[in-house]
Amino acid sequence: MEKHLHIVCLDVPYPVDYGGVFDLFHKIKTLYELGIKIHLHCFEYGRGEPSILNNYCVKVIYYQRNEGHKGFSTVIPYIVASRSSRQLIENLNLDSYPVLLEGIHCTYPLYCDSLSKRKIFLRLHNVEYQYYHHLFRHESSLLKKAYYYNESRLLKCYEQKIVNRANILAVSQKDVGTYSRVFGAKNISYLPVFTPFQQINSMEGIGTYCLYHGNLSVTENEKAATWLLENVFNKIKTPFVIAGKNPSAKLQRLAHHNCHTCLIADPGEEEINDLIAKAQINILPSFNETGIKLKLLNALFNGRHCVVNEAAVKDSGLEAACHIGTSSQALRQIVMQLYHLPFAEEEIRLRKNLLGTHYSNHRNGHQLIASIW
């Protein structure tokens, strides 16, 4: 008997060019490979309608996101209100197939209780109120700071209201614990992220530089790159490369201030993968403890030594595969210790055991199917 599933995405999940769509696209691809008939619903606001999605889905329907003042609400968060669509609700109610809502962003049908007598699953990408509180704390623009604070406040109330209206699938054990403790979630379980990385490709031996990579238009990532330049690589002469999308002019100037540091702006997928593979150290501190860091998974599957701070790996299960520093001084010492230390075969074995257990797409796909049916 055929199994049909509605998947509602907060964004168009292709191209796979930022962390938020890795799980979306590779989950769709995996479910297709396991025989699930997917009815995909996407909010489109600038990424187009890629034909590749038709290869994996029975149908793909696009909806316009109500951006700006059109999506503003004093009652529910902007990320939800801007994706409130009566047309989506009507389309979901044309049949009785189960529904997978990708992110709090897509839960307006839950909020207005318009999917009665349905199996509904919510993929929790973050504890969103915490994520927006982190953005508030680290934002310098007063206008954005006010927006993030208000969004965090609305999200906490909103998440409390919808928490027990669906079966929740969280990306980390930490998020399971937070939702159970803070919101009293009754039906919540851990489902690891789906990734393009399915085997360890890390090379033995020694690389030639330290690397930080990420979307540099994200405030948190720019802050991390700046912090590394000013607090770690300003005092040691180890070659350091920053690579990522849309860097600010300020960050570019800072990165080229010293002869041993540089920045590569807007590298393509092949180039960023090459940079990760050839680096001796992938250094990826974070100032945000929420969610799973896809760039860290990329580095663990494809790079050599990984150096992080506590926030980057807290309760992730990835601690054993990383070198963790608690301060800028500790990170400097770790970098100096590892820079001439060959990456060895026993470390590759450790990663195979650790990552192979948690991040097998087909294993996690079967787990998701068993949860729904």
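- Y129 and E151 share no side-chain donor-acceptor pair at under 3.5 Å.
- No donor-acceptor contact under 3.5 angstrom links the side chains of H134 and E220, judged on distance only.
- The side-chain tip of R65 points at the ring of Y45 from less than 6.0 angstrom away and within 45° of straight on.
- Side-chain atoms of E102 never come within 3.5 Å of backbone atoms of C9 as a donor-acceptor pair (strictly under, hydrogens ignored).
- Not one N or O on the side chain of N150 forms a donor-acceptor pair closer than 3.5 Å with the backbone of A146.
- Side-chain polar atoms of N364 and Y359 form no donor-acceptor pair below 3.5 angstrom.
- Remark: the D95 side chain and the H6 side chain contain an N/O donor-acceptor pair separated by less than 3.5 Å.
- Here NZ of K186 is found 12.5 Å from CG of N167. Values are rounded to the nearest 0.5 Å.
- Judged purely by distance below 3.5 Å, without hydrogens or angles, the side chains of K295 and N221 pair a donor atom with an acceptor atom.
- Counted by atom type alone, N273 and E271 present zero donor-acceptor pairs between their side chains at under 3.5 Å.
- In this structure, Y56 and F25 have perpendicular ring planes: the angle between them is above 60°, well past the 30° mark.
- Remark: side-chain polar atoms of S114 are paired, donor with acceptor, to backbone N or O of P109 under 3.5 angstrom.
- Under 4.0 Å is where a charged nitrogen must lie from a carboxylate oxygen, and between E222 and K250 no such pair does.
- Between K161 and D113 there is no salt bridge, since none of the side-chain N atoms of the basic residue sits less than 4.0 Å from a carboxylate O of the acidic one.
- Using bins of under 30°, 30° to 60° and over 60° for the plane-to-plane angle, the ring pair H362/H366 lands in the perpendicular bin.
- Between E345 and R349, at least one side-chain nitrogen of the basic residue sits less than 4.0 Å from a carboxylate oxygen of the acidic one, meeting the salt-bridge criterion.
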Side chain to side chain contact (heavy atoms under 4.5 Å, CB included) assessment of L10 paired with L24: CA-CA 9 Å; L10 71 159; L24 302 180; 3.8 Å; yes
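- Side chain of S202 to main chain of G303: a donor-acceptor pair is present (N/O by atom type, distance under 3.5 Å, no hydrogens or angles).
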From CA spacing to verdict: side chain to side chain contact (heavy atoms under 4.5 Å, CB included), Y78, L155: CA-CA 9 Å; Y78 175 74; L155 277 161; over 6 Å; no
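- Side-chain polar atoms of E139 and T219 form a donor-acceptor pair below 3.5 angstrom.
- Under the 4.5 Å side-chain heavy-atom criterion for ILVMFWY residues, no single connected hydrophobic cluster contains both L211 and L254.
- Taking the side chain as every heavy atom from C-beta outward, N126 and I104 never approach each other to under 4.5 Å.
- Scanning both residues, Y111 and I76, for their nearest heavy atoms gives CZ-CG2, 3.4 Å.
- E319 places no side-chain N or O within donor-acceptor distance of the main-chain N or O of C322, the cut-off being under 3.5 Å.
- Ionic pairing of R351 and E347 is not present here: no N-O contact between side-chain nitrogen and carboxylate oxygen is shorter than 4.0 angstrom.
- The ring of H39 has its center closer than 6.0 angstrom to the ring center of Y97.
- Between F301 and F197, the distance from one ring center to the other falls under 6.0 angstrom.
- Ring geometry for Y63 versus F43: interplanar angle of 30 to 60°, hence tilted.
- A side-chain donor-acceptor contact under 3.5 Å links S84 to the backbone of A81.
- Not less than 6.0 angstrom separates the ring centroid of H26 from the ring centroid of F194.
- A donor-acceptor pair is defined here as one N or O able to donate and one able to accept, closer than 3.5 Å; such a pair exists between the side chain of R165 and the backbone of L110.
- V75 and F72 fall into different hydrophobic clusters, defined by Ile, Leu, Val, Met, Phe, Trp and Tyr side-chain heavy atoms under 4.5 Å apart, directly or through other members.
- Panel note: side chain K278, backbone G207; no donor-acceptor pair is recorded below 3.5 Å.
- The backbone N or O of D175 sits nowhere less than 3.5 Å from a side-chain atom of T178 that would complete a donor-acceptor pair.
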